[in-house]
Amino acid sequence: MDNLFLAVVTGDREYGRSLSLGMVSVCRSLIIRIFTAEEFLRESREFDLILWDGIEAKEAYGGRIVYMAEKPSEAVRSLAEKRFCLYKYSSASCMVASVFEIYKELTGRRAVNVKKQNVRLFAFVSCEGGTGCSTVAMAAAQEFSRFRDSKVMYLSFEELESTGQFMNCEMGIKGAEVYLYRLFNKLYPENKTDPDAEDFLPFIEGHIVRDDYGTEAFAPSRGRNPLREIACDETGRFMASIINSGRDDVIIVDMGTWLSGSCLKFLEMTEKICMVTVEGGSRLKEGKYINHIVSHCGEEVEKKLVRAENRIRKHSVYDEEEKGEERRKNPPAENTVSISECGSFAAEGERTRIFLEGEFGNDISVLADKLTEPL
């Protein structure tokens, strides 16, 4: 992404420092200098945008000078008058997104992302509810982001998302519903002439939240998950927009039990598909599920399947002998990873934290190795 040079003009040095550090932590391509009003008036250098926190700009702001308001109700976005005013206490993600959108509206230029090569796409599915599919998918996402130096996007296609249980969800971030609204030619009608055009892709930064390890996801919606509304003919454009943002090395798609036409399109795109089951789960349902996706996606999809048997419990010696006999009669399916029952979750306020230590973490690491093995 091209560098953007910003000036932050404020009499509150601590606020300016906090704002700048927050924005740079979100987007490394920003270069920010902090000034008082007097220092800035002596500065001859040109800046792409000037964020002015002070009454000096309250009446005269316009063009590249963006006024920082004390109240959300004072926020203004008038392209006709070239007047832009931002709420100064917005989250860093929202502030960065607004800065790039204002820059584009003023100049006609947009931030150019450097596309990453070989972005890896993994899907997690389940033939029935209650298998812990979302927990395993999130644990795998955190394994890649925490221990494998990867930038990870987690996409939840659950009808009622559980993303908010794992992520730091800041107030005011508009999630996938607004992103999709902008993406599919509703705000940018000029896009209709070229379905692959990238000049008008929405800036994704203003729609995502993160966990403690940097794993990213769309901010969860209050109602039904809007990602489930994506039509079959829109799946390619949506995934291309995520990949072409140049942000991610790994994309984890949590499909759960969803099995619509759009879901099958996503499964065709993935590098590997992880089928999450539980010990003693229905092999009949699992077989029907696999047959269904094979009939729609072709026999090649079977080569992409990795099976994760979740919640394997520890047993006494006596139980192990009995369990061993049972597993000899019903051996695990080929290419199966056993995931130990995780006893290391912690609730932090409204969030759930997964600890990737101990046997559970080791098993998730083995699963990640399986997912990244060449076909």
Side-chain angles (χ1 to χ4, degrees), residues 25-26 91-93 122-177 207-228 248 250-258 274-279 281 308-314 337-368 371:
S25 71
V26 168
S91 69
S93 295
F122 305 121
F124 286 73
V125 300
S126 179
C127 64
E128 57 187 343
T131 62
C133 181
S134 293
T135 300
V136 173
M138 179 58 73
Q142 293 181 349
E143 166 71 23
F144 281 108
S145 59
R146 184 179 179 188
F147 299 116
R148 305 192 181 216
D149 196 29
S150 298
K151 196 79 166 149
V152 182
M153 170 66 85
Y154 170 84
L155 298 176
S156 172
F157 285 84
E158 298 175 283
E159 186 164 6
L160 297 175
E161 302 166 76
S162 57
T163 308
Q165 294 178 19
F166 304 102
M167 299 284 184
N168 300 308
C169 297
E170 300 173 17
M171 296 294 292
I173 299 181
K174 302 184 188 304
E177 66 274 18
H207 305 281
I208 60 175
V209 293
R210 297 171 181 81
D211 68 8
D212 297 334
Y213 308 116
T215 305
E216 297 178 340
F218 280 108
S221 304
R222 292 183 179 273
R224 195 169 187 266
N225 187 350
L227 293 184
R228 291 173 71 99
D248 306 302
V250 176
I251 300 173
I252 299 286
V253 185
D254 177 10
M255 295 290 185
T257 58
W258 188 45
C274 179
M275 167 73 77
V276 182
T277 66
V278 288
E279 192 175 31
E309 193 172 273
N310 193 23
R311 297 177 183 157
I312 301 298
R313 296 179 177 86
K314 300 305 170 189
V337 177
S338 295
I339 308 294
S340 302
E341 187 173 34
C342 181
S344 53
F345 293 91
E348 299 178 346
E350 296 183 358
R351 286 195 304 127
T352 299
R353 184 180 178 193
I354 303 172
F355 292 99
L356 293 177
E357 288 85 18
E359 294 186 3
F360 176 78
N362 292 337
D363 295 339
I364 292 295
S365 179
V366 172
L367 176 60
L371 291 173

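Here the structure is a predicted model, which means the values were calculated and not measured.
Closest approach of Thr163 to Ala217, counting heavy atoms only: CG2-CB, 3.7 Å. Between Gly281 and Glu128, the closest heavy-atom pair is CA-OE2, 3.9 Å. Closest of all the heavy-atom pairs between Val278 and Gly130 is CG1-O, 4.2 Å.
To the nearest 0.5 Å, atom OG of residue Ser221 and atom CD of residue Glu177 are 4.0 Å apart. Note that the CG atom of Asp212 and the CZ atom of Arg353 stand 6.0 Å from one another [nearest 0.5 Å].
Between Phe122 and Phe144, the ring center distance clears the sub-6.0 Å criterion.
Side-chain atoms of Phe124 and Leu367, non-hydrogen and from C-beta on, do get closer than 4.5 Å to each other. Looking only at side-chain heavy atoms (C-beta outward), Met153 and Ile252 stay at 4.5 Å or farther from each other. Within the 4.5 Å cutoff, the side chain of Met167 has heavy atoms near those of the Thr215 side chain. By the 4.5 Å heavy-atom criterion applied to side chains, Ile354 and Phe360 are counted as neighbours.
Shown here are the side-chain hydrogen bond (donor to acceptor under 3.5 Å, both in side chains) partners of Asp248, two or more places apart in sequence or in another chain: there are none. Taking Ala92 as the reference, Val26 meet the side-chain contact (heavy atoms from CB on, under 4.5 Å) condition, with sequence neighbours excluded. In terms of the side-chain contact (heavy atoms from CB on, under 4.5 Å) criterion, residue partners of Arg228 (sequence neighbours excluded) are, by chain and number, Glu159, Arg224, Asn225, Trp258. Every side-chain contact (heavy atoms from CB on, under 4.5 Å) that Arg146 has, sequence neighbours left out, goes to Tyr213, Leu356, Glu357. The salt bridge (Lys or Arg N to Asp or Glu O under 4.0 Å) check on Glu216 picks up Lys151, Arg210, Arg247, with sequence neighbours excluded.
Just one of Asn362, Thr277, Val366, Ile364 meets the side-chain contact (heavy atoms from CB on, under 4.5 Å) condition when paired with Ile339; it is Ile364.
Side chain of Ser150 to main chain of Arg148: a donor-acceptor pair is present (N/O by atom type, distance under 3.5 Å, no hydrogens or angles). Listed for the His207 side chain is a donor-acceptor partner under 3.5 Å among the backbone atoms of Lys174. In terms of modelled atom types and a separation under 3.5 Å, the side chain of Ser145 and the main chain of Ala141 share a donor-acceptor contact. Proximity of a side-chain donor or acceptor of Asp363 to a complementary backbone N or O of Ser340 within less than 3.5 Å is detected.
A donor-acceptor contact closer than 3.5 angstrom is absent between the side chains of Ser156 and Glu161.
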Name each donor-acceptor pair under 3.5 Å that joins a side chain in residues 131-139 to protein atoms two or more places apart or in another chain, with its distance.
unit_1	atom_1	unit_2	atom_2	d
Thr131	OG1	Ser126	OG	3.0
Ser134	OG	Glu158	OE2	2.9
Ser134	OG	Asp254	OD2	2.6

